[in-house]
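For reference, the structure discussed in these notes is given below.
Naming: A, B, ... by sequence-line order, numbering from 1 per chain.
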Amino acid sequence: MNKISIVPCSFRLLSVGYYAELIETNGRDRLLCQGRKLHAHLVTSGIARLTRIAAKLVGFYVECGKVTDAKKAFDGMPKRDISGCVVMIGACARNGYYQESLGFFGEMNKEGLKLDAFMIPSLLKASRNLLDQEFGRMIHCMVLKCSFESDAFVVSSLIDMYSKFGEVENARKVFNDLAEQDLAVFNAMISGYANNSQSDEALNLVQDMKLLGIKPDIITWNALIAGFSHMGNEEKVSEILEIMCLDGHKPDVVSWTSIISGLVHNFQNEKALDGFKQMLAHGLYPNSATITTLLPACTTLANVKHGKEIHSYSVVTGLEDHGFVRSALLDMYGKCGFISEAMILFRMTPKKTTVTFNSMIFCYANHGLSDKAVELFNQMEAKGEKLDHLTFTAILTACSHGGLTDLGQKLFLLMQNKYRIDPRLEHYACMVDLLGRAGKLVEAYEMIKAMPMEPDLFAWGALLGACRNHGNMELAKIAAERLAELEPENSGNGLLLSSLYANAGSWESVVRLKKMIKKKKLRRFPGSSWVDDKVS
DNA sequence: ATCTTGTTTC
């Protein structure tokens with residue numbers, strides 16, 4: 001791979017848009033080092049304080065993940081000019097520093113700087129990604145107040161945000177209110193429909209835009225592919241691929257990643273791996289999104305061989321440094337039983353996120369290393385890392401697997417009282433399992449009865465398992481009957497129930513159940529492990 | 001200077 005020499009192209013370093021490319025080919029650390037040298041030069045020559053130069057430095061530092069340095073460069077500006085703020089807010093929003101982006105806007109507001117149309121799209125993007133509906137709506141109000149609603153950039157961001165919130169109708173309203181929709185606005189609306197399982201509506205919009213003389217581009221086609229692929233409509237995807245080719249657009253990495261993503265989402269993991277091979281055969285190279293999409297397919301199939309190949313590729317191309325890729329790798333090794341590999345990846349991750357921690361806690365929990373899981377959970381709390389519902393699913397799983405009954409109960413309350421997370425089905429299932437394993441069958445049943453939603457098969461299954469282990473026939477019958485209702489197609493439940501009835505001498509019920517099983521042509525699948533252990 | 005396509009943990 002050719003390394004771009006940075007010093008001769010220092011001017012490019014300061015040019016927004018080239019950072020990503022430079023980082024990909026030079027590595028973040030090397031780029032940052034060169035950037036700092038250049039910054040020093042700019043300071044000594046006295047031009048670092050020029051507004052335009054300082055704005056570029058701000059963008060550069062955010063792109064390298066150094067928000068604090070960016071802020072310093074910004075504060076070095078002689079006067080707080082609006083374009084500097086636009087760069088700061090935009091650079092933060094583009095690089096995943098959403099909270100920082102909105103926080104910075106707040107500061108700017110306090111200082112009485114005027115709202116600028118150029119920063120609206122970035123603020124909407126940050127609200128969208130934080131799922132902060134309140135903030136997003138507030139920005140929308142400001143848009144109306146300042147009469148920015150005829151700005152196509154603003155409108156496409158609004159459409160995108162409302163679609164992400166699941167409010168397609170609101171997105172459509174904003175779309176309709178715009179006098180002249182351009183390509184990006186259409187694309188935003190099309191992808192809005194596609195991401196909300198309304199791909200046919202998205203397809204209609206493509207016809208509308210063609211009638212207006214706007215030609216669909218690769219983004220339009222990819223949005224459609226993503227929509228239909230996610231819905232599992234493989235024929236429609238092939239159809240779109242044909243149409244786009246006739247239209248002069250070749251499928252690119254994004255198209256293929258969307259196809260692979262849809263297949264993984266619809267449990268077609270083998271097909272997803274095939275799709276990846278096809279993509280390679282077309283001469284396209286996977287990027288971080290492709291890798292992150294594909295790794296879960298290897299994980300589900302427990303295909304460590306492919307997983308390791310992808311890992312090697314990621315190391316060679318530097319994609320291993322990507323946050324999403326890293327957590328997908330960690331999860332893959334963890335789920336496939338390679339705990340030490342998972343631990344190494346965890347240790348090697350400089351910027352650990354909630355997902356990183358969650359994956360590692362799940363790994364410990366699922367391998368019976370409860371103490372390690374608890375240790376990590378405590379670290380997370382001590383570091384002030386954001387804990388989410390999955391953090392608690394993971395730690396409660398660890399508690400139930402490790403017999404840490406008291407701790408589990410304590411954490412179940414902590415989750416609700418301190419972190420304001422409403423327990424979901426999986427949390428209740430963990431608690432039923434936890435109590436059940438400890439022999440507290442009545443308490444486990446009480447937990448199920450206290451659930452504000454309909455208990456699912458995992459809750460009843462956990463209770464049934466516990467009843468079997470601790471010999472409580474009455475509760476077992478209740479649990480087994482609920483299970484049979486919830487999951488009549490799973491013959492395992494029926495068979496378990498029938499053996500329970502048989503033991504209790506209720507043969508009439510056994511006959512009834514066996515008839516039901518036969519009628520539904522249910523068969524019992526032999527238990528098997530999918531872990532591919534033929535890998536060294 | 002700002003916008004629209006694909007992305008990890010249940």
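Comparing B:dA1, B:dT9, B:dT2 against the side chain of A:Asp331 picks out B:dT9 as the nearest. Counting only heavy atoms from C-beta on, A:Pro121 has its side chain closest to B:dC3 among B:dT9, B:dT4, B:dC3. When distances are taken from the side chain of A:Ala289 to each of B:dT7, B:dC10, B:dT5, the shortest belongs to B:dT7. Comparing B:dT4, B:dT7, B:dG6 by their nearest atom to the side chain of A:His322 picks out B:dT7. In the set B:dT4, B:dT9, B:dC3, B:dC3 carries the atom at the smallest distance from any side-chain atom of A:Ser156. Comparing B:dT5, B:dT7, B:dT2 by their closest approach to the side chain of A:Ser122 singles out B:dT2. Comparing B:dT8, B:dA1, B:dG6 against the side chain of A:Ser83 picks out B:dA1 as the nearest.
The phosphate of B:dG6 has OP1 or OP2 within less than 4.0 Å of a side-chain N or O from A:Asn195. Remark: A:Lys335 is not in phosphate contact with B:dT8, judged by side-chain N or O atoms under 4.0 Å from OP1 or OP2.
Judged by distance alone, the side chains of A:Thr257 and A:Thr293 never bring a donor and an acceptor atom under 3.5 Å apart.
Under the stacking definition used here (centres under 5.5 Å, planes under 30°), the residue A:Phe324 qualifies as stacked on the base of B:dT8. Judged by centroid separation below 5.5 Å and plane tilt below 30°, A:Phe118 does not stack onto the base of B:dT2.
A distance of 6.0 Å or more separates the ring centres of A:Tyr428 and A:Phe458. In this structure, A:Phe74 has its ring center closer than 6.0 angstrom to the ring center of A:Phe104. In this structure, A:Tyr98 has its ring center no closer than 6.0 Å to that of A:Phe135. Taking the ring centroids of A:His140 and A:Tyr162, they lie under the 6.0 Å cut-off.
Look at CZ on A:Phe148: it is 14 Å from C1' on B:dA1, rounded to the nearest Å. The distance between atom CG of A:Leu124 and atom C1' of B:dC3, rounded to the nearest whole Å, is 10 Å. Rounded to whole Å, atom P of B:dT9 lies 20 Å from atom CZ of A:Phe392. Atom CE in A:Met88 sits roughly 15 Å away from atom P in B:dT2 (whole-Å rounding).
Under 3.5 Å, the side chain of A:Ser157 and the base of B:dC3 form no donor-acceptor pair of N or O atoms. Residue-to-nucleotide contacts include a donor-acceptor pair under 3.5 Å from the side chain of A:Thr292 to the base of B:dT7. In the interface, the side chain of A:Asp252 is not paired with the base of B:dG6 through any donor and acceptor atom under 3.5 Å apart.
In this structure, A:Asn366 reaches neither bases nor backbone, as no heavy-atom distance under 4.0 Å exists between it and the strands shown. No contact: A:Ile120 has no heavy atom under 4.0 Å from any strand.
Here the straight-line distance linking atom CG of A:Leu376 with atom CD of A:Glu381 works out to 12.0 Å at 0.5 Å rounding.
Under the ring-ring contact (aromatic ring centres under 6.0 Å, His included) criterion, A:Phe357 pairs with A:Phe346, sequence neighbours left out.
Crowding of A:Gln207 atom CD: a count of heavy atoms from other residues, nucleotides or ligands under 6.0 Å exceeding 12.
Listed in residue order, the members of residues 172-193 of chain A having a heavy atom less than 4.0 Å from DNA chain B are A:Ala184, A:Asn187, A:Ser191.
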